[in-house]
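Step one of this worksheet: look at the structure below.
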There are 2 protein chains.
Amino acid sequence: MVNQGQPLDRVFQALADPTRRSMVERLVRGPAPVRELAQPFAMSLPAVMQHLQVLEACGLVRTEKVGRVRTCHIEPAGLRMAEDWLGDQRTGWERRLDRLGDHLTDHSEPEEGRPA
Amino acid sequence: MVNQGQPLDRVFQALADPTRRSMVERLVRGPAPVRELAQPFAMSLPAVMQHLQVLEACGLVRTEKVGRVRTCHIEPAGLRMAEDWLGDQRTGWERRLDRLGDHLTDHSEPEEGRPA
DNA sequence: GCAATAGTTAGGTACGTGGTTAACCAAGGG
DNA sequence: CCCTTGGTTAACCACGTACCTAACTATTGC
């Protein structure tokens with residue numbers, strides 16, 4: 001429960017970059033070739049390619065080359081993995097708040113770390 | 001709509017590290033002093049402090065020092081910000097899938113990028 | 001086949017990140 | 001008052017990341 005580390009590492013790392021997030025935002029509205037993906041960013045093609053590789057390596061994006069054009073699709077499973085982790089933390093937190101409320105109404109116990 | 005960059009950058013960056021994610025996972029179950037937070041990780045106190053600072057800088061964690069003890073609480077708003085972004089992308093994607101389905105049943109249009 | 005287009009590879013640089021050790025300061029406790 | 005505990009600061013190092021330019025390959029269109 002404490003260690004499913006690596007894939008999540010890569011996904012969050014990928015999402016930590018504004019360029020890559022923008023790419024994801026764009027790809028969510030439909031697939032696009034590398035060139036179109038690169039257009040809004042004031043940076044060289046190789047730089048864009050690198051970002052793309054990061055996104056692909058962590059499973060957020062899938063690409064396939066048809067003629068000389070590589071088309072990029074988003075892979076929603078990757079996003080969901082991250083969203084799930086976040087959701088788990090939030091629900092864990094909320095559950096804790098509930099339990100804390102119970103204890104307070106029961107014994108007026110002061111707030112502290114793990115009860116065990 | 002394409003650039004609310006910086007805070008999200010920092011949050012995802014913070015979550016990209018397994019140590020920091022573990023810390024969040026622990027803090028979700030209740031506040032803890034630095035020492036206890038550091039205990040499960042085979043690394044020096046300063047390293048832990050650094051991670052803590054990252055978490056604090058991006059608003060995921062709030063800390064306060066009482067005697068000589070600094071207690072760390074989680075700050076759920078930070079998690080929610082990230083979760084929201086992820087959710088936006090997912091819904092954007094799902095909406096697109098719906099629209100695509102409509103078009104297909106209507107005009108048998110081939111799938112492509114932005115319709116504008 | 002020649003030129004333009006789309007992408008790729010190679011190599012290099014500047015900066016950021018994650019860790020270390022050592023020395024230090026500030027409570028508490030005997 | 002002295003020692004221990006808890007945290008902090010400083011200085012440093014190894015490695016990774018995010019770009020760049022230049023050169024190259026592979027299609028497509030004329």
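As a basis for the values below, the full set of heavy atoms in this structure was taken, side chains included, without hydrogen atoms, waters or symmetry mates. Source: prediction; values computed, not measured. To find a chain, count down the sequence lines: A is the first, B the second, and so on, and within it residues start at 1.
We find that CZ of B:F12 is positioned 19 Å from C1' of C:dT17, with the value rounded to whole Å. Taking atom CG of B:D9 as the reference point, atom P of D:dT17 lies 15 Å away to the nearest angstrom. In this structure, CE of B:M43 is placed 8 Å from C1' of C:dG18, rounded to the nearest angstrom. For A:Q13 and D:dC15, the CD to P distance is 18 Å, given to the nearest whole Å. Going from atom CZ of A:R10 over to atom C1' of D:dG16 covers 14 Å, rounded to whole Å. Here D:dG16 presents its C1' atom at 14 Å from NE2 of A:H51, a figure rounded to the nearest Å. Straight-line distance from the CD atom of B:Q50 to the P atom of C:dG16: 14 Å, rounded to whole Å. The interatomic distance linking B:Q53 (CD) with D:dG7 (P) rounds to 13 Å, in whole Å.
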Could you write nucleotides 1-8 of chain C as a row of B, S and -, 5' to 3', where a protein heavy atom under 4.0 Å of any base atom gives B, of only sugar-phosphate atoms gives S, and otherwise -? ---BBSSS
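Within a heavy-atom distance below 4.0 Å of DNA chain C, no residue of residues 54-64 of chain A is found.
Under a 3.5 Å cut-off, the side chain of B:R10 and the backbone N or O of B:G59 do not form any donor-acceptor pair.
Exactly one residue among B:I74, B:T63, B:V61 makes a side chain to side chain contact (heavy atoms under 4.5 Å, CB included) with B:L55. That residue is B:V61.
Nucleic acid contact class of B:A47 (heavy atoms, under 4.0 Å, all strands): base.
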Evaluate side chain to side chain contact (heavy atoms under 4.5 Å, CB included) for A:W85 paired with A:Q89, printing each intermediate quantity in order. CA-CA 6 Å; A:W85 186 88; A:Q89 305 317 308; 3.4 Å; yes
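Annotation for B:L27 and B:A32: closest pair CD2-N, 3.8 Å, computed over non-hydrogen atoms. Residue A:V11 comes nearest to A:G78 through the heavy atom pair CG1-O, 4.1 Å, listed as atom of the first residue, atom of the second, then distance. Residues B:A16 and A:F12 share a closest heavy-atom pair of CA-CB, 3.6 Å.
Using a 4.0 Å cut-off, no side-chain N or O of A:S44 falls inside it from OP1 or OP2 of D:dC19.
Salt-bridge check for B:E94 with B:R90: passed, with a basic side-chain N closer than 4.0 Å to an acidic carboxylate O.
The structure places CE of B:M49 at 11.0 Å from CG of B:L37, a figure rounded to the nearest 0.5 Å.
Checked by atom type, the side-chain pair B:R20/B:H51 shows a donor-acceptor distance below 3.5 Å.
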